[in-house]
Amino acid sequence: MAKQNWVISLLLAVCLIGTGCSEQTAKEKAAKAAEQEQKIEQAKKVKEEKKLEEAKKREEERKREEARPVYVNIIDPNSKDIVKTFNTKDLGYITDPGNYKTELAKLTRELARGTQSTPGFDKRMVLDRLDENGQVIKGSPQTILEEDELIEKILMVSEKGGNVELPLYVTASGYQEEDAAHLDEVVVASYTTHFNSGVAGRTENIKLSAQAINNVIIGSKDSFSFNTTVGPSDAEHGYQKAPEINYGKLVEGYGGGICQTSSTLYNAIDQLAVQYIEKNHHSLKVGYVPLGRDATVSYGGKDFRFQNTTGVPLMLKAIVSNGSLTVEVRTSKAYQSQVKKRS
């Protein structure tokens with residue numbers, strides 16, 4: 001009996017010890033799980049903080065990048081001088097791409113055509129002419145700045161900056177110098193107008209402007225500009241005051257009468273297959289040509305311009321004599337049969 005009680009007591013002790021061990025193991029597992037969870041949360045927190053820090057650095061870098069100027073230098077290909085420098089970001093390259101292109105169009109237009117204070121790179125051709133001895137007086141070629149091409153070149157470097165050369169295209173006169181001495185051989189078109197030679201100022205102005213276009217060589221495909229060829233019609237250049245039409249009124253002004261020269265030239269050259277670039281009529285009827293056959297000009301304003309699309313080089317002759325002005329268009333005998341006339 002005593003032995004049996006001992007066995008029972010031993011079994012109870014063993015059970016109690018086993019239960020205590022089980023409880024201790026469960027607590028240890030729970031503690032380890034909690035510790036693991038804490039480590040995971042800590043790792044997540046560290047990772048999130050790292051992400052935030054990286055995002056902050058990226059934002060700071062972005063702001064620094066936005067603040068960093070990106071310069072484009074526009075270069076004159078002839079002199080290699082910088083003619084314009086600008087920060088692309090100031091013009092909205094990043095913030096407003098549409099406006100950036102608008103600003104580039106404005107910039108390139110000013111470079112090509114100039115402003116009130118700065119001449120542009122576009123240059124009209126100054127045509128060659130013969131002097132009284134038959135020698136060629138050289139003018140200057142036409143220069144065109146291609147605005148659309150310049151915009152494209154700027155856009156290509158707008159992100160990182162860089163140098164861009166102006167796309168300038170130069171066109172020389174379309175005739176051979178050996179032809180110059182023969183271009184007055186035959187008259188292919190002519191027109192005569194009349195004026196009162198007793199009006200001294202007007203007569204002098206017609207003479208000066210006629211002299212300015214006399215012996216001018218217009219090569220094939222060349223563009224003629226009356227204003228460029230004649231120049232300013234002011235007192236400094238010998239022009240006198242005479243009646244002229246200004247905004248629908250007859251007034252006294254320097255150079256009055258030069259429109260008779262431009263109109264006589266128009267009626268002569270119009271017999272040939274030229275292409276007009278600019279032609280304007282007076283605001284009042286004039287008496288020296290039929291209605292609608294006049295070509296008014298004003299230096300710095302309205303011009304008379306055409307391109308020689310007759311297929312051959314031409315020469316102008318302007319003759320003033322006894323109250324008449326005759327403008328002849330001539331060429332060489334070799335080209336006479338090739339001249340395209342207006343149909």
Side-chain angles (χ1 to χ4, degrees), residues 109-110 112-129 137-145 173 191 193 195 199-218 222-270 274-289 293-308 316-318 320 325 327:
R109 184 169 59 251
E110 289 180 352
R113 307 174 199 183
T115 63
Q116 290 184 344
S117 59
T118 307
F121 281 87
D122 282 356
K123 305 293 182 187
R124 289 181 181 174
M125 181 178 290
V126 177
L127 297 169
D128 297 355
R129 64 172 64 237
I137 301 173
K138 296 297 293 181
S140 58
Q142 172 182 275
T143 302
I144 297 295
L145 192 166
S173 184
Y191 196 83
T193 58
F195 58 91
V199 181
R202 195 169 189 280
T203 299
E204 181 63 19
N205 295 339
I206 290 173
K207 286 180 178 179
L208 287 174
S209 54
Q211 183 181 0
I213 67 170
N214 188 50
N215 284 340
V216 166
I217 299 170
I218 312 173
D222 285 0
S223 294
F224 174 91
S225 161
F226 189 89
N227 286 344
T228 301
T229 303
V230 175
S233 54
D234 52 23
E236 185 178 349
H237 292 82
Y239 287 87
Q240 299 180 16
K241 282 191 174 183
E244 63 179 5
I245 298 172
N246 190 4
Y247 294 103
K249 295 180 180 180
L250 195 62
V251 298
E252 287 282 315
Y254 283 102
I258 66 168
C259 291
Q260 182 159 347
T261 305
S262 59
S263 296
T264 307
L265 169 61
Y266 161 51
N267 282 275
I269 203 71
D270 192 54
V274 298
Q275 181 176 335
Y276 294 110
I277 302 169
E278 181 182 353
K279 177 170 63 70
N280 303 281
H281 297 306
H282 289 85
S283 53
L284 294 177
K285 184 182 183 302
V286 297
Y288 45 81
V289 291
R293 300 298 300 173
D294 59 314
T296 185
V297 292
S298 174
Y299 190 78
K302 293 178 179 179
D303 199 356
F304 174 50
R305 300 168 60 204
F306 61 86
Q307 185 180 28
N308 177 8
L316 300 180
K317 285 286 184 178
V320 179
L325 166 64
V327 173

Mutual orientation of the aromatic rings belonging to Y276 and F304 [parallel < 30°, tilted 30-60°, perpendicular > 60°]
tilted
Considering all heavy atoms, the nearest [X]-[Y] contact:
X	Y	value
G257	I206	O-CG1, 3.4 Å
S223	Q142	OG-OE1, 4.3 Å
G256	A242	O-CB, 3.5 Å
S233	I258	OG-CD1, 3.8 Å
A212	V216	O-CG2, 3.7 Å
A318	A210	CB-O, 3.3 Å

Under a 3.5 Å threshold, yes or no: a donor from one side chain and an acceptor from the other, between S173 and D222?
yes
Compute the centroid of each ring, for Y254 and then for Y239, and state whether the two points are separated by less than 6.0 Å.
no
Going from [atom1] on [X] to [atom2] on [Y], what distance comes out if it is rounded to the nearest 0.5 angstrom?
X	Y	atom1	atom2	answer
T143	M125	OG1	CE	9.0 Å
L208	I213	CG	CD1	12.5 Å
T296	N280	OG1	CG	7.0 Å
S283	H281	OG	NE2	12.0 Å
N215	D128	CG	CG	12.0 Å

Taking [Y]'s backbone N and O only, do any of them form a donor-acceptor pair with [X]'s side chain (distance below 3.5 Å, no angle check)?
X	Y	result
S263	Q260	no
T228	V126	no
R129	N214	yes
N267	Y191	no
K123	G120	yes
T229	S225	yes

Do the non-hydrogen side-chain atoms of [X] and [Y] ever get within less than 4.5 Å of each other?
X	Y	answer
E278	N227	no
Y266	D294	no
I269	F224	no
K302	V297	no
L127	I217	no
T261	F226	yes
F306	D270	no

If you count every heavy atom of other residues, nucleotides or ligands that lies below 6.0 Å from K279 atom NZ, does the total exceed 12?
yes
Show, in sequence, the C-alpha distance, side-chain angles and deciding distance for D303 and R124, and conclude whether the side chain to side chain contact (heavy atoms under 4.5 Å, CB included) test is met.
CA-CA 12 Å; D303 199 356; R124 289 181 181 174; 2.7 Å; yes
